[in-house]
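Below, chain A is the first sequence line, B the second, and so on; all start at residue 1.
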There are 2 protein chains.
Amino acid sequence: MARRPTVTSVQIAREAGVAQSTVSRVLNGGSVAPETRRRVLEVVAKYDFQPSQAARSLVGARSGLIGVVIRDLTNPFYPVMVKAMERVLHGQGLRLTLVTDVMTADEGLALLRREGVDGVVFTSAVRDEPLAHRIRGHGIPVVLCHRTLEGFAADQVEADNVTAGRLAAEHLLDLGHRRIAMVCGLAGASTSEQRGRGFRERGGACGEVALTELYAGYDYDAAYDAVRGLLAGAEPPTALFCHNDVMAYAALNAAAAAGVAVPRELSVVGCDDVPLSSWERIDLTTVRQPLERIARVGVELLLDRLADPDAPLRHEVLPVEFVGRSTTAPV
Amino acid sequence: MARRPTVTSVQIAREAGVAQSTVSRVLNGGSVAPETRRRVLEVVAKYDFQPSQAARSLVGARSGLIGVVIRDLTNPFYPVMVKAMERVLHGQGLRLTLVTDVMTADEGLALLRREGVDGVVFTSAVRDEPLAHRIRGHGIPVVLCHRTLEGFAADQVEADNVTAGRLAAEHLLDLGHRRIAMVCGLAGASTSEQRGRGFRERGGACGEVALTELYAGYDYDAAYDAVRGLLAGAEPPTALFCHNDVMAYAALNAAAAAGVAVPRELSVVGCDDVPLSSWERIDLTTVRQPLERIARVGVELLLDRLADPDAPLRHEVLPVEFVGRSTTAPV
DNA sequence: CTGAAAGCGCTTACAG
DNA sequence: CTGAAAGCGCTTACAG
């Protein structure tokens, strides 16, 4: 399996009878006589020549690599986002490099620097996010996508999470629920803070609502345990608002394990509306956020920023939508 | 947001008062006097110097990049594999580049070549797989992981899928089922062919089994439609063996949509045992294959191959295990 | 329109 | 143990 020596632009040039720089020009759209271009492209096609990305990024101003920071790939939410981002980037001839939770923030930063990424789409920001600040500190353009950071001067895109919380509250209050628990995501994550705020504002406006709040870090297992605890308590809630769908699934399963009937004894509302939620076996009432659109806009903001570094900052807030299904019922 | 100029090894060398090649030696473990090393590392730390990966792969024999071909990231199966692979690679200071279905096979190949990957872990092989052959044709080492290819001279790792099929058959036959449908994956995928073979061998040995077979491409929607069709037929099956868990979920949901009670009227067996399957709301009887271990071994086979290109080929077959849950019952 | 040349930031022999 | 030098495969001014 001896590595077949790779064809280089020098060899293409030789065989086409031109200078190496002409090959480069043909490939990068410089001005070349039609006949010369034809001759070069013929040789390029003959060998299916692929210019070395390493050489390109070494000499060029751009690496063509975009870093995407996504801590937890196993939340079904994220593969959908990655796919949407990849699609946009691939359409522009760019590539994506993933920074996930298999590495520490330090390692992630080192990676992004070594790779020379042109910019970073950050999806997992939390308050005082050290990584986002440090990436920017190295002069790498950052876009905050999905989760945002107040006072962080960067392009940002997020769902209208305050409204999401309000819609959830409205729905549960309309059904007559007054003893409600909120299974929050991550303290310091904008999504969780905004959803919580929207819910509280609407819930508080209604008086006499007993609202329990706890944080489960957007994590299935943590939410599962938390809900088991709630259901075993003296006065268990009649309804749950979970800050994402994954925790709502945990709630549904915890209820099943505890023999609590949903929605008869317990109503559950999620947030996200990932594909799983519409499965008949789940059929989760939730608030939809436009996942793929958030991802797409995140990448587009970054590409726009790279194209025009001095353009004014943008902050996009995308609409959410209540999706009533069968995990909620009147109290 | 002017790109802060990146620190290079030349600057580190100047500040440490040594030659640039000495910096390189310190970083790559060449022989350097302790005092010299100390001085260099001090400056390296001061700037948190990160050597350019582009320059490294341009000049070095290795790029440190491993290609991973995974067509469908949204099957919950694959994020688990990617994570396991990333963990191994990251531990070795290597990185991973993903080839998914957002690009064609041609584009994937071009990408892997431009990036100069050191090797490729292939998880989605199908018979006469053009991509795997072409990657190898370019002298890039390939490991077949999860799905294998007969007659393809490469290291391979897979689950014992024949046994998986046999275990599923045994279970359903023991429960008395004689009218069974098999929802197959992909014609030409080793996993599907082996699981099918194992099931048929065991099922056929029992006489008088009416076995319907159809292919749903390991796809949720296709399986959903197929099962709706089966259940609407004149003599619907009393049991289903689905070649992966995702199609089994589709079956469960299709049954729910059709008002068919599982397991009372229909038994469903899957294959994989991804985390979802143990959720109370799903609780799928299935055959577990060691997902993370398959992924890990796949990467290890590749790393071993890179370390010793002339070692004899290896073909690992990892054990599977029947997992009885609540989607199956006596006929 | 085209070629010759410099240079991107490293690793790796080659001397000493 | 250490430095000077070549060279990886490109892009990009610079001449002509």
* **Nearest-nucleotide comparison on DNA chain C, the residue closer to the 5′ end among A:S31 and B:Q20** => A:S31
Would you kindly give the [atom1]-to-[atom2] distance between [X] and [N], to the nearest whole Å?
X      : N      : atom1 : atom2 : answer
A:R25  : D:dT11 : CZ    : C1'   : 10 Å
B:R113 : D:dG9  : CZ    : P     : 14 Å
A:N28  : C:dT2  : CG    : P     : 15 Å
B:E35  : D:dT2  : CD    : C1'   : 14 Å
A:E115 : C:dG9  : CD    : C1'   : 15 Å
B:L27  : C:dT11 : CG    : P     : 7 Å
A:R114 : C:dG9  : CZ    : C1'   : 15 Å
A:L58  : D:dC10 : CG    : C1'   : 8 Å

* Ionic contact status for A:R95 with B:E115, cut-off 4.0 Å -> yes
* In terms of side-chain geometry, is the basic nitrogen of A:R305 or A:D155 positioned less than 4.0 Å from the acidic oxygen of its partner? -> yes
* Name the pairing partner of C:dC14, where a pair is Watson-Crick or G-U wobble with both distances under 3.5 Å, or state none. => D:dG3
Counting just side-chain N and O atoms, does [X] come under 4.0 Å of either OP1 or OP2 of [N]?
X     : N      : answer
A:S24 : D:dT11 : yes
B:R56 : C:dC10 : no
B:S9  : C:dC10 : yes
A:S57 : D:dC10 : no

Looking at the side chain of [X], which of [options] is the nearest nucleotide?
X     : options               : answer
A:T8  : C:dA4, D:dG9, C:dG9   : D:dG9
B:V18 : D:dG3, D:dG9, C:dT11  : D:dG3
A:A55 : D:dC10, C:dC10, D:dT2 : D:dC10

* Using the ring of B:F152 (Phe, Tyr or Trp, six-membered ring only), decide whether B:R136 places NZ or CZ under 6.0 Å from its centre and within 45 degrees of its axis. => yes
* Asked: Has the side chain of B:S21 got a donor or acceptor that lies under 3.5 Å from a partner of the other kind on the base of D:dA5?
  -> no
* Along DNA chain D (nearest heavy atom to each residue), the more 5'-positioned of B:T22 and B:G60 -> B:T22
* To do: Please indicate whether B:E35 has more than 12 foreign heavy atoms, meaning atoms of other residues, nucleotides or ligands, lying under 6.0 Å from its CD.
  => yes
* Between A:E15 and A:Y47, a side-chain donor and acceptor under 3.5 Å -> yes
